[in-house]
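To start, the structure under review is shown below, and the notes come after it.
Counting convention: from 1, in listed order, for ligands and their atoms alike.
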Amino acid sequence: MEYSLTVYHLYPDLLNLYGDKGNIAVLEKRCLWRGVNAQVKTLCEGERPDFSGVDIVLLGGGSDREQLLVSQYRDVVAQPLKEYVESGGVTLAVCAGYQLMGNFYEANGERIACFGVLDIDTVSGEGRLIGNIAVEATLGGRSVTLAGFENHGGRTDIKTHTPLGRVRFGYGSDGSGTHEGVVYKNTVATYLHGPILPKNPELADYLIETALERKYPGAFSHGLIPLDDTMEMRAKEYLIRREMEARGL
Ligand code: GLN
C-alpha cells in the first residue's frame with residue numbers, strides 16, 4: 001500500500017469507556033477502504049511514550065479512578081504529547097481524555113494535575129450530566145451535526161479556546177447547554193462518547209484527511225475517496241429526530 005497512517009492509542013487499558021475502542025476500528029476501516037494502511041500502536045500503563053511517526057492520537061474516556069491512574073504518567077507523557085499537538089499532530093480526546101488534556105481535574109475536593117496541553121480547567125459539579133447530545137460544528141470548512149452520548153461529572157471551562165461546536169440539545173462542556181468541546185490546531189477534544197466516530201463518519205474523515213494532508217502534503221488536496229455512508233447518516237438522523245421529539249423541540 002502506498003499510503004499509511006499510524007494511530008497511537010494512549011492508555012487503552014485504562015481509558016476505555018462506552019466502546020471508545022470503536023473509534024479505532026472506524027479509523028482502521030475507513031483508511032483501509034481507501035487503500036490507506038492504518039497501523040495501531042498502544043501506550044499502556046508504565047510504558048515510555050514514543051510519538052515518532054505518529055499521525056493520529058486517541059485518548060478515550062474513563063472513570064475518576066482510572067483518570068487518576070493515567071494522570072500519574074503526566075511526567076512522561078505531557079511534554080511529548082504537547083510537542084506533538086503544537087506541531088499540528090491530529091488528536092481525538094474523549095471525555096476523561098478531554099479533561100486530561102487540560103490543566104487540572106478537580107473532584108471530591110481533590111485536584112489532579114493533568115497534561116496541560118490545552119488551557120482548560122475541569123471541576124466536578126453537582127450531579128452527572130448524562131444523555132444524548134447533538135452538536136453543530138464546522139470541520140475543515142464543512143458544517144456537520146455531531147451526535148453522541150455524554151456522561152460526565154466534570155464541568156470544563158474552556159476559557160479562550162474555540163469550542164468544537166454549538167449544542168443543539170444536551171449539556172455540553174460546562175453543563176450550560178451552549179457549547180461543546182474544543183478544537184485547537186488539529187486536536188479535537190469532546191465529551192461525546194458512543195463511540196463518536198461510528199456515529200459521525202464526517203469527523204472520522206476529517207481526522208484521516210488532516211493526518212494524510214500533514215504526512216503527504218498535496219497528495220489529498222482533492223479530498224478522500226467518498227464512501228457510502230447512507231446507513232450511518234440515516235441512523236444519526238433517526239436518533240436526532242427521536243431525541244428532538246422526546247424533548248418537544
Ligand atoms: N471522570 C470524568 C467525569 O466524570 C470522565 C468520565 C468519562 O470519561 N465518561 O467527569
Side-chain angles (χ1 to χ4, degrees), residues 8-26 42-45 57-74 77-78 81 91-135 146-159 161 163-165 167 169-183 187-200 203 239 243:
Y8 201 17
H9 195 179
L10 305 192
Y11 303 108
D13 44 348
L14 294 169
L15 302 176
N16 50 19
L17 276 185
Y18 306 118
D20 280 339
K21 222 176 155 188
N23 291 329
I24 297 283
V26 166
T42 56
L43 174 68
C44 294
E45 263 197 282
V57 163
L58 257 123
L59 271 156
S63 68
D64 286 3
R65 188 189 143 272
E66 286 154 334
Q67 209 167 327
L68 177 63
L69 291 174
V70 172
S71 72
Q72 289 166 0
Y73 299 109
R74 180 174 174 268
V77 79
L81 178 60
T91 307
L92 174 66
V94 175
C95 205
Y98 171 21
Q99 298 171 350
L100 279 161
M101 292 291 277
N103 299 316
F104 62 80
Y105 174 58
E106 202 176 288
N108 312 313
E110 198 188 342
R111 183 176 282 196
I112 301 170
C114 295
F115 300 154
V117 175
L118 303 174
D119 183 19
I120 59 172
D121 303 333
T122 305
V123 177
S124 191
E126 189 79 9
R128 296 193 67 78
L129 309 174
I130 306 171
N132 289 315
I133 175 167
V135 175
L146 302 172
F149 174 75
E150 56 183 331
N151 182 354
H152 49 112
R155 276 71 169 167
T156 301
D157 177 1
I158 70 165
K159 303 190 223 181
H161 273 293
L164 168 61
V167 173
F169 57 78
Y171 298 104
S173 272
D174 61 4
S176 66
T178 54
H179 59 91
E180 160 52 27
V182 164
V183 181
T187 289
V188 174
T190 176
Y191 274 115
L192 272 65
H193 284 286
I196 185 171
L197 296 185
K199 281 185 180 169
N200 301 284
L203 177 59
L239 72 88
E243 197 67 27

At the 4.0 Å heavy-atom cut-off, does H193 count as touching ligand 1?
-> yes
What atoms of ligand 1 come closer than 4.0 angstrom to any heavy atom of [X]?
X: G61; value: 8 (O)
X: Y105; value: 1 (N), 2 (C), 3 (C), 4 (O), 10 (O)
X: L17; value: 7 (C), 8 (O), 9 (N)

Passes side chain to side chain donor-acceptor pair (under 3.5 Å), Y191 versus Q99? Steps please.
-> CA-CA 9 Å; Y191 274 115; Q99 298 171 350; 2.8 Å; yes
Is any N or O atom of [X], backbone or side chain, closer than 3.5 Å to an N or O atom of ligand 1?
X: A96; result: yes
X: G154; result: yes
X: G153; result: yes
X: Q99; result: yes
X: Y191; result: no

Would S173 and Y98 satisfy side chain to side chain donor-acceptor pair (under 3.5 Å), going step by step from the backbone distance to the final call?
-> CA-CA 10 Å; S173 272; Y98 171 21; 2.6 Å; yes
List the atom of P195, the atom of G22, and the distance in Å for their closest heavy-atom pair.
-> CG-CA, 3.9 Å
Smallest heavy-atom separation, L15 atom then H9 atom, equals O-NE2, 4.5 Å
List the closest protein heavy-atom neighbour of [atom]: residue, atom name, distance to the nearest 0.1 Å.
atom: atom 7 (C) of ligand 1; value: C95 SG, 2.8 Å
atom: atom 4 (O) of ligand 1; value: R128 NH2, 2.8 Å
atom: atom 5 (C) of ligand 1; value: G62 O, 3.4 Å

Can the ring centres of Y11 and Y73 be said to be less than 6.0 Å apart?
-> yes
Mind checking whether F149 and Y18 have parallel, tilted or perpendicular rings, split at 30° and 60°?
-> perpendicular
When you look for heavy atoms under 4.0 Å from ligand 1, do you find them on the side chain of T122, its backbone, both, or neither?
-> neither
Under 4.0 Å between heavy atoms, the region of D64 that gets near ligand 1 turns out to be both
